[in-house]
Amino acid sequence: MHCVKKITDDLMWVGANDRRLAMFEGVYSVPGGVSYNSYVLLDEKTVLFDTVDKAVRQRFVENITHVLENRTLDYLVVQHMEPDHSDTIQYIADTYPDAKIVCSAKTLAMIKQFYDFDADSRVLVVKENDTLDTGKHTLQFIMAPMVHWPEVMVTYDRANKTLFSADAFGSFGALNGAIFADEVDYNKDYMDEARRYYANIVGKYGAQSAELLKKMSSLDVKMLCPLHGFVWRKNLTDIISKYALWSAYEPEDHGVMIAYASVYGNTENAAEILASRLREKGIKTQMFDVSVTAASEIISAAFRWSHLVFASTTYNAGIFVTMEALISDLVSHNIQNRTVGIIENGSWAATSGGQIRERLAKCKNLNILDKIINIKSGVKAEQLLEIDVMADTIAATIKQGENP
């Protein structure tokens with residue numbers, strides 16, 4: 001049975017939620033599920049914006065059939081070819097043979113890579129700022145390459161000032177009966193998942209995300225319709241302002257994220273002492289054991305906090321395996337504009353700290369503190385003094401009054 005949501009008088013959500021998916025893209029856990037959003041515009045011409053993942057194909061088919069009733073589909077706008085948004089293109093092509101597929105040239109090439117139908121005869125290729133009139137509505141197409149695939153475009157509906165934003169402004173998490181961000185406590189229940197989604201999925205492409213924001217600034221956007229997560233019809237600056245920070249790699253909050261890798265608890269002890277010293281100075285902290293916390297959550301936190309500390313035991317003359325993976329992931333996501341402290345441990349040869357520094361040196365605008373705290377097995381009195389110095393140094397780089 002269909003399950004659709006009304007966005008405006010002539011715009012319907014025809015997507016679906018997936019709560020059985022364990023790992024999004026095979027990498028990121030989604031304990032709260034995920035939504036696959038698709039929209040139908042019921043103008044003089046009918047328009048479908050993107051499709052859905054094969055996991056929810058049946059519900060999508062029921063939704064499309066219900067919303068169109070006895071009408072045919074005139075256009076399918078394909079903004080993003082990642083299979084969670086394009087896996088039912090073949091169904092649409094077969095079921096609505098007269099529907100034109102509206103997409104960029106790069107998308108056309110990808111359609112041919114994924115499918116075998118005669119795409120050339122079906123496609124209307126559009127470029128930057130091309131428009132399509134559907135009756136009362138005029139759709140303007142805006143290229144958004146690498147947000148987060150090279151073929152991505154977004155679509156601006158000039159009539160109701162809606163931006164169909166592809167993967168931008170999305171979030172992990174099923175919609176749970178709601179459709180609008182203002183129907184839920186977004187900051188409490190979903191902002192962390194929006195940050196985790198951005199940091200891990202789009203985060204590498206900050207410059208490209210900033211370029212999309214620049215293009216949006218010339219438009220009068222009153223509503224955001226992303227491919228994952230909630231539709232924004234109120235307080236759009238709540239999410240747009242976050243994207244402005246994230247895409248510029250600027251922290252949201254002044255405080256310290258401490259990620260540690262500890263086999264027998266001694267490196268964890270050093271991290272705990274540092275966190276305690278910082279809290280005594282009124283500085284907010286958030287701690288993660290990299291062996292039990294998913295890297296996607298730690299990367300999300302790194303995009304949030306102004307200061308990062310990595311504490312790692314030495315393992316096989318290198319960085320402990322889970323910390324090594326985290327550092328590699330952070331570097332690949334272009335983390336920038338942070339102050340970084342390093343603590344290393346090793347019973348006979350502590351080398352993890354230098355290797356962490358070497359890898360993080362590839363990132364732009366990281367202020368890596370000169371002094372690496374070196375622990376040989378357990379924390380001793382001299383390391384307590386060094387931890388105090390690191391806490392003082394971090395406190396000195398956080399402006400007065402920026403912490404409660």
Side-chain angles (χ1 to χ4, degrees), residues 4-5 7 11-19 21 24-25 28 30 32-41 47-57 59-60 63-64 75-89 92 101-104 106-107 110-111 114 139 141-157 162-175 178-181 186 190 193-203 205 208-209 212-213 216 221 223-233 236 239-240 242-243 246:
V4 301
K5 301 290 286 188
I7 308 298
L11 181 65
M12 302 292 292
W13 176 83
V14 293
N17 293 288
D18 186 355
R19 296 178 185 84
L21 181 67
F24 186 83
E25 295 187 353
Y28 311 111
V30 282
V34 67
S35 72
Y36 304 112
N37 296 342
S38 178
Y39 308 90
V40 170
L41 179 64
V47 184
L48 172 64
F49 294 93
D50 296 295
T51 66
V52 297
D53 189 87
K54 61 185 176 183
V56 294
R57 178 181 180 273
R59 187 70 62 243
F60 173 72
N63 290 346
I64 289 286
Y75 296 104
L76 165 62
V77 175
V78 181
Q79 302 181 114
H80 185 17
M81 274 300 296
E82 200 166 6
D84 57 335
H85 307 300
S86 68
D87 232 356
T88 43
I89 286 179
I92 296 296
I101 300 173
V102 183
C103 64
S104 69
K106 290 181 179 179
T107 294
M110 287 191 179
I111 289 174
F114 279 100
L139 305 179
F141 304 105
I142 299 163
M143 301 302 118
M146 301 317 301
V147 187
H148 67 116
W149 276 22
E151 87 295 357
V152 171
M153 71 178 186
V154 299
T155 305
Y156 179 61
D157 184 341
T162 295
L163 185 72
F164 297 92
S165 60
D167 270 350
F169 311 112
S171 172
F172 294 130
L175 302 180
I179 187 63
F180 298 108
Y186 196 92
Y190 288 94
E193 287 295 74
R195 183 190 305 106
R196 188 165 71 96
Y197 178 84
Y198 175 87
N200 289 278
I201 305 297
V202 190
Y205 306 107
Q208 292 85 349
S209 298
L212 175 58
L213 293 178
M216 286 175 56
V221 179
M223 187 158 64
L224 295 169
C225 290
L227 288 177
H228 295 292
F230 293 96
V231 172
W232 288 81
R233 62 181 176 179
L236 272 62
I239 190 67
I240 293 175
K242 295 291 187 183
Y243 262 67
W246 298 337

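The residues of the chain are indexed from 1 along the displayed sequence. Reckoned from all heavy atoms, side chains included, excluding hydrogens, waters and symmetry mates. Just so it is clear, the structure is predicted and the values come from calculations on it, not from any experiment.
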Novice: Heavy atoms only: give me the nearest Met12-Ile7 pair and the separation to one decimal.
Specialist: C-CG1, 4.2 Å

Novice: Indicate the atoms forming the closest heavy-atom contact of Ala16 with Val56, along with that distance.
Specialist: CB-CB, 3.6 Å

Novice: Heavy atoms only: give me the nearest Glu151-Lys106 pair and the separation to one decimal.
Specialist: CB-CB, 3.7 Å

Novice: Hey, could you give me the CD1/CD1 distance between Ile89 and Ile111, rounded to the nearest 0.5 Å?
Specialist: 5.0 Å

Novice: Determine the minimum heavy-atom distance between Leu21 and Tyr36, stating which atoms define it.
Specialist: CD2-OH, 3.7 Å

Novice: Sequence neighbours excluded, which residues qualify as salt bridge (charged side-chain N to carboxylate O under 4.0 Å, His left out) partners of Lys5?
Specialist: none

Novice: List the residues meeting side chain to side chain contact (heavy atoms under 4.5 Å, CB included) with Met216, not counting sequence neighbours, and say none if there are none.
Specialist: Leu163, Phe169, Leu212, Leu213, Leu224, Ile240

Novice: May I ask you to check whether His228 and Phe172 place their ring centres under 6.0 Å from each other?
Specialist: no

Novice: Check side chain to side chain donor-acceptor pair (under 3.5 Å) between Trp13 and all other residues, then give those that pass, not counting sequence neighbours.
Specialist: Asn37

Novice: In Å and rounded to the nearest 0.5 Å, what is the CZ to CZ distance from Phe180 to Phe230?
Specialist: 11.0 Å

Novice: Return the CG to OG distance between Asp18 and Ser35, rounded to the nearest 0.5 Å.
Specialist: 10.0 Å

Novice: Can you name the closest pair of heavy atoms from Asn17 and Ala174 and give their distance?
Specialist: OD1-CA, 3.5 Å

Novice: Do side-chain atoms of Tyr75 reach the backbone of Ile101 as a donor and acceptor pair under 3.5 angstrom?
Specialist: no

Novice: How many angstroms lie between CD1 in Ile64 and OG1 in Thr51, if you round to the nearest 0.5 Å?
Specialist: 9.0 Å

Novice: Of all the heavy-atom pairs spanning Asn63 and Gly15, show the shortest one and how long it is.
Specialist: ND2-O, 3.0 Å

Novice: Does some side-chain heavy atom of Phe60 sit less than 4.5 Å from a side-chain heavy atom of Val14?
Specialist: yes

Novice: Mind checking side chain to side chain donor-acceptor pair (under 3.5 Å) for Gln79 and listing every partner two or more places apart, or none if nothing turns up?
Specialist: Asp50, Thr155

Novice: Which residues satisfy the salt bridge (charged side-chain N to carboxylate O under 4.0 Å, His left out) test with Arg196, sequence neighbours excluded?
Specialist: Glu193

Novice: Taking side chain to side chain donor-acceptor pair (under 3.5 Å) as the test, write out the residues that go with Lys242, two or more places apart.
Specialist: Glu252

Novice: Distance from Ser209 atom OG to Trp246 atom CH2, nearest 0.5 Å?
Specialist: 10.5 Å

Novice: Would you call Ser171 and Tyr186 a side-chain contact if the rule is heavy atoms closer than 4.5 Å?
Specialist: yes

Novice: Just by modelled atom types, is the Cys103 backbone N or O under 3.5 Å from a matching donor or acceptor in the Thr107 side chain?
Specialist: no

Novice: Under a plain distance cut-off of 3.5 Å, with no hydrogens placed, do His80 and Asp167 share a side-chain donor-acceptor pair?
Specialist: yes

Novice: Find out whether Val221 and Tyr156 are in side-chain contact, i.e. whether some heavy atom of one side chain is under 4.5 Å from a heavy atom of the other.
Specialist: yes

Novice: Can you tell me how far the OH atom of Tyr197 sits from the CZ atom of Phe24, to the nearest 0.5 Å?
Specialist: 5.0 Å

